[in-house]
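First the structure, in the form of structure tokens, and then the observations on it.
Only heavy atoms go into these numbers, but all of them, side chains included; no hydrogens, no water, no symmetry mates. One-based numbering, in listed order, for ligands and for the atoms of each.
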Amino acid sequence: MNAQTNHNREARNILIQNDRGGYTVPTAGLYPYQWNWDSAIAAFGFATFDISRAWQELETLFSGQWEDGMVPHIIFHKPDPSYFPGPDVWHCSGPIASTGITQPPVAATMARKVYEQDKAAAAPILKKLFPKILAWHRWFIQWRSDDQNAICITHPWESGRDNAPEWDAALKNMTAEGVGEYTRRDTSHVDPSMRPTKFDYDRYIWLVQQGASLNWDQQKLLEQNPFRMADPTTTFLLLRAHKDLLALGTELGLDVSGIQDDIALLTKGAESLWNPEIGSYDARNAHTGAFAGCQSSASFLCWFAGIENATQLEKLDEAFGNTNHPIASHPTTSEHYDSRRYWRGPTWAFMNMMIGIGLADQGHKEQAERLRAATADLIRSFGFAEYFDSTTGEAAGGQSFTWTAAVWLAWINPNERRD
Ligand code: DGY
């Protein structure tokens, strides 16, 4: 048996072992529930060997959808005391216990990829999912657009890039007064040097407490939440997802009215995140209009959203040149770079996959291949880790990680089913 086959088998086993009966946990221990974007990426991985399980993953994700269209960032299907903050802190009233915030929308994009593998079987499932996905996308547009049509997050966790330096200034301007005593669980699963600091974590919890005290009323949050950042991850991924939804809806003969207009607005929103001062897409504070002044791996999602930018492509070449383990989540040359700390420098395989797919779609085949090869090397050398030290390549965060396994199956080794 060759090494490639071994990796395929290990990756499949990770998905199977992280399956909790219809949904997949990102990793046992650290993340014991269904996480939104992790789950969509898991579906892409499952589709390489079990298409009906892939659809089930997306269906269980949408079983947690709220009446207003929001799909939560975590769905607490079964209680697990090893995770904090759990349902008793979030105080939410959706159909299943959940958090009160969302995460970047990749479900439509992954649904399209799964659909392409077996169209006939998928059509009835997709027809049911379509209005749910559309309601979620419209929820973003209604509640999270800033005055330039970029899409905002209301909590660092909503970006999926929890601890990115982009959020530092906004968090510093916030108080965590009254947050009270609490016990973190994340730092008992992994080394604290890889996780957010107490200063940041206090503010994360304060924002959860504020949302809960406002009953997650979006109008009130719009008026009162001190943290509102237009985010490249969410904006680019929603733009891509909305295009994928339009393609699916058109092919299935569903009502797609208005989607093209939304796409035009989202495109403007995405372009508004260009920060000429740093020559990169950047996050922007919706309250003050100030850019964060940070390039990140999310800046390179522009191609995934179908947006071309020659300067960003030059920055990609720099990112490749500055480390053997691209793409660092925060530039290796920045004073805030930390090769191991959560979203402040490490490399994520699933981000590389989305960047790589975008590059290939836009015709940048050489860069896409280079990124795929670098990601394959990381996984071969250091395993299926949550993320990787972008200086040494070493595994970091949780182990036996669902999305890294899915990336291996669906992107690194797309011929897997022919082995
Ligand atoms: C966590 O539990 O720290 C997660 O990153 C929140 O999404």
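A distance below 6.0 Å separates the ring centres of Y342 and Y387. Between W403 and Y31, the distance from one ring center to the other does not fall under 6.0 angstrom. Taking the six-membered ring where the residue is Trp, the centroids of Y33 and H77 are separated by 6.0 Å or more.
Ligand-side atoms of ligand 1 in range of R195: 1 (C), 3 (O), range being under 4.0 angstrom from any heavy atom. Which parts of ligand 1 touch Y342 is read off a 4.0 Å heavy-atom cut-off, strictly below it: atoms 5 (O). Atom numbering of ligand 1 starts at 1 in the shown order; those under 4.0 Å from a heavy atom of Y31 are 1 (C), 2 (O), 4 (C). Every atom of ligand 1 with a heavy atom of W157 under 4.0 Å away is listed here by number and element: 6 (C). Within ligand 1, counting atoms from 1 as listed, the ones closer than 4.0 Å to a heavy atom of H73 are 6 (C), 7 (O). Within the listing of ligand 1, atoms 1 (C), 2 (O), 6 (C) sit less than 4.0 angstrom from a heavy atom of Y83.
When only interatomic distances are considered, the shortest N/O to N/O separation between D162 and ligand 1 falls below 3.5 Å.
Contacts between H189 and ligand 1, counted as non-hydrogen atom pairs separated by less than 4.0 Å, are absent for every part of the residue.
Using cut-offs of 30° and 60° for the angle between ring planes, the W157 and H73 rings count as parallel. Taking the six-membered ring where the residue is Trp, W348 and W343 present parallel rings, their angle staying beneath 30° rather than reaching 60°.
Salt bridge annotation for R240-D361: present, with a cationic side-chain nitrogen under 4.0 angstrom from a carboxylate oxygen.
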